[in-house]
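Just so it is clear, the model here is predicted, and its values are computed rather than measured.
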Amino acid sequence: MEVQKEAQRIMTLSVWKMYHSRMQRGGLRLHRSLQLSLVMRSARELYLSAKVEALEPEVSLLAALPSDPRLHPPREAESTAETPDGEHPSPEPMDTQAPTAEETSACCAPRPAKVSRKRRSSSLSDGGDTGLVPSKKARLEEKEEEEGASSEVADRLQPPPAQAEGAFPNLARVLQRRFSGLLNCSPAAPPTAPPACEAKPACRPADSMLNVLVRAVVAF
Amino acid sequence: MTQVNTTSYKTIKLWKISERDKRPEGYNLKEEDGRYRDPTTVTTLRVPVFRPMDLMVEASPRRIFANAHTYHINSISINSDYETYLSADDLRINLWHLEITDRSFNIVDIKPANMEELTEVITAAEFHPNSCNTFVYSSSKGTIRLCDMRASALCDRHSKLFEEPEDPSNRSFFSEIISSISDVKFSHSGRYMMTRDYLSVKIWDLNMENRPVETYQVHEYLRSKLCSLYENDCIFDKFECCWNGSDSVVMTGSYNNFFRMFDRNTKRDITLEASRENNKPRTVLKPRKVCASGKRKKDEISVDSLDFNKKILHTAWHPKENIIAVATTNNLYIFQDKVN
């Protein structure tokens with residue numbers, strides 16, 4: 001599960017960076033956003049394939065929604081699955097990436113592995129995942145990727161009250177709540193790097209644009 | 001008189017740089033400090049003369065080329081015809097005439113119709129040193145495209161595509177971003193070009209597209225630290241590279257104020273440090289060594305004690321002499337070959 005934790009940590013870190021890159025002087029940086037989304041995608045695929053291996057396969061699968069900096073902020077309603085790129089979370093990426101991921105995780109603070117065979121909804125509510133799983137289970141629109149790339153969802157889904165800001169309004173709000181804590185506190189909030197690598201400059205206070213700006217939603 | 005082009009996000013300026021080492025003195029109507037004299041006090045006339053003064057270097061903007069770029073400009077490159085130049089941002093490359101500031105031609109446009117399909121951006125571009133119709137641009141995916149402006153007005157189709165297949169054993173979360181090319185530079189001869197990605201410098205023969213002819217590892221010991229470098233944003237640093245005048249040595253920067261030189265003929269490399277504490281003026285720079293793992297020898301520096309805030313992103317080599325300029329965060333160092 002180290003691989004999974006590591007992948008999740010990198011996803012969280014990527015979202016944090018994406019948000020802050022929008023706040024920087026000079027406006028949104030296209031190249032940086034693209035790079036962050038690539039890392040995010042790799043981490044997500046690894047996370048999902050690790051999940052598929054660790055847990056029993058479930059019936060309902062849902063398309064994941066990666067943070068996509070290429071979409072303009074006003075078009076928040078867009079929530080299609082990411083572009084087809086021929087990748088899907090088969091065991092193969094896990095095999096080739098596992099050694100590297102463990103190697104990279106070795107240089108970051110290792111977490112205790114935790115394998116649980118409890119029901120997914122409760123197993124997901126360990127420390128790292130609470131923000132990524134909606135506390136109220138919204139029913140999300142089925143948007144399967146063409147290659148079948150997908151993520152798993154909690155067992156019971158309920159129809160959302162209204163499609164306000166797009167297909168994943170509840171998830172976006174939960175993520176917002178979860179990350180506003182992250183976004184508002186000191187640079188030490190994301191996991192600290194080894195002593196040689198200093199954390200980057202202090203984060204800026206969140207502003208009222210937070211609900212528009214936090215786009216990273218990873219559905220489970 | 002020299003001309004220098006600078007860019008800041010989206011505007012390009014052409015500056016005239018000149019030296020002034022004398023000034024006129026002895027005006028009739030003005031005092032030396034510039035105050036006007038009362039004309040009734042002027043009883044004789046004299047001709048102002050030039051007197052020497054402390055050398056002053058002046059930069060004055062001469063042209064401003066604005067409003068042609070939507071995204072952040074990453075490169076400008078003057079053509080060998082000295083009449084035109086190109087500017088490149090993340091998605092487009094424009095061709096300008098040095099005398100015309102209100103118009104430019106778009107010669108490359110990789111913006112997809114649907115931005116959701118964006119997979120790569122332009123990271124650097126440069127004109128060929130001898131062929132005024134040829135230029136190259138590099139991408140965030142590690143490819144370089146060579147284009148010929150005679151082929152068509154919009155050079156969306158490359159004449160050549162330079163790409164090295166990825167080494168599958170090096171795959172990680174960060175493989176894609178460390179393969180992004182941060183700088184591309186033609187050799188003076190025009191026969192080769194050099195690219196810089198996060199961990200290495202590669203030399204390409206323009207006649208061979210499927211792989212570089214030489215690869216030099218700048219700081220391979222960082223490969224196992226990519227995770228931390230992602231956390232502190234260092235993995236996004238854009239290092240430049242440069243050739244010496246005879247194209248026999250290439251140079252690029254690294255962390256801890258280190259910079260590296262690779263001799264293409266002898267295959268030897270050296271690591272030097274640009275710091276005032278460790279080098280008095282006129283002393284010979286001592287070679288440095290980074291200890292990747294295991295026992296650290298005396299005078300070696302371990303990877304974990306490298307200062308990642310001290311980075312050398314910009315370096316330049318005099319086109320004829322062995323004089324180099326190396327920029328640290330706050331200082332510019334000029335080094336030259338030891339004169340016997």
Side-chain angles (χ1 to χ4, degrees), chain A residues 6-7 9-11 13-14 16-17 20-21 25-43 45-46 68-72 75 78 80 82-85 93 96-97 99-101 103-109 187 190-201, chain B residues 8-10 70-74 89-91 111-112 114-124 139-141 168-180 182 198 222-236 238 255-256 301-310:
Chain A
E6 186 56 25
R9 195 175 74 81
I10 290 182
M11 284 193 294
L13 188 56
S14 302
W16 190 83
K17 286 182 186 295
H20 278 276
S21 78
R25 178 175 168 258
L28 182 64
R29 294 159 66 177
L30 191 66
H31 187 196
R32 177 71 61 101
S33 306
L34 187 65
Q35 289 176 315
L36 291 172
S37 70
L38 288 173
V39 172
M40 178 82 163
R41 196 201 304 171
S42 304
E45 281 165 5
L46 195 68
D68 199 331
R70 299 162 289 185
L71 299 175
H72 301 298
R75 294 189 359 194
E78 297 284 286
T80 53
E82 65 174 338
T83 58
D85 53 10
T96 52
Q97 287 177 8
T100 350
E103 200 184 302
T104 55
S105 69
C107 74
C108 311
T192 52
C197 308
E198 294 173 9
K200 255 328 212 183
Chain B
S8 153
Y9 293 141
K10 298 177 186 177
T70 312
Y71 302 95
H72 295 320
I73 296 174
N74 53 56
D89 67 26
D90 290 326
L91 297 178
K111 184 175 183 200
N114 184 358
M115 280 295 269
E116 293 177 40
E117 289 162 9
L118 181 74
T119 54
E120 68 183 317
V121 297
I122 297 170
T123 52
S139 83
S140 54
K141 277 192 173 170
S169 64
N170 274 335
R171 190 122 181 76
S172 75
F173 285 126
F174 309 105
S175 301
E176 278 161 314
I177 60 180
I178 63 168
S179 67
S180 176
S182 52
Y198 190 64
L222 295 183
R223 192 180 290 274
S224 55
K225 309 281 183 201
L226 294 179
C227 183
S228 320
L229 295 166
Y230 181 69
E231 284 181 43
N232 64 13
D233 277 354
C234 283
I235 206 172
F236 301 110
K238 297 190 194 319
Y255 293 104
N256 210 70
I301 303 188
S302 75
V303 182
D304 296 319
S305 50
L306 292 175
D307 187 342
F308 288 91
N309 288 322
K310 294 187 180 170

Where [X] and [Y] come nearest, the two heavy atoms and their spacing:
X: B:E231; Y: A:K17; result: O-NZ, 2.9 Å
X: B:F173; Y: A:L46; result: CZ-CD2, 3.3 Å
X: A:S14; Y: B:Y230; result: OG-OH, 2.7 Å

Turns out that what part of B:S175 lies under 4.5 Å from chain A's heavy atoms comes down to neither
So, the part of B:K141 with a heavy atom under 4.5 Å from chain A: the answer is neither
Let me confirm one number: the [atom1]-[atom2] distance from [X] to [Y], rounded to the nearest 0.5 Å.
X: A:Q35; Y: B:E120; atom1: CD; atom2: CD; answer: 12.5 Å
X: A:L36; Y: B:I177; atom1: CG; atom2: CD1; answer: 7.5 Å
X: B:C227; Y: A:L13; atom1: SG; atom2: CG; answer: 8.0 Å
X: B:D90; Y: A:L34; atom1: CG; atom2: CG; answer: 9.0 Å

Between B:H72 and A:R32, is there a side-chain heavy-atom distance shorter than 4.5 Å?
no
message: Would you say that more than 12 heavy atoms from the other residues, nucleotides or ligands in this model lie under 6.0 Å from the NZ of B:K238, or not?
response: yes
With chain A, the option among B:I122, B:V121, B:L91, B:D89 that has the most non-hydrogen atom pairs under 4.5 Å is B:V121
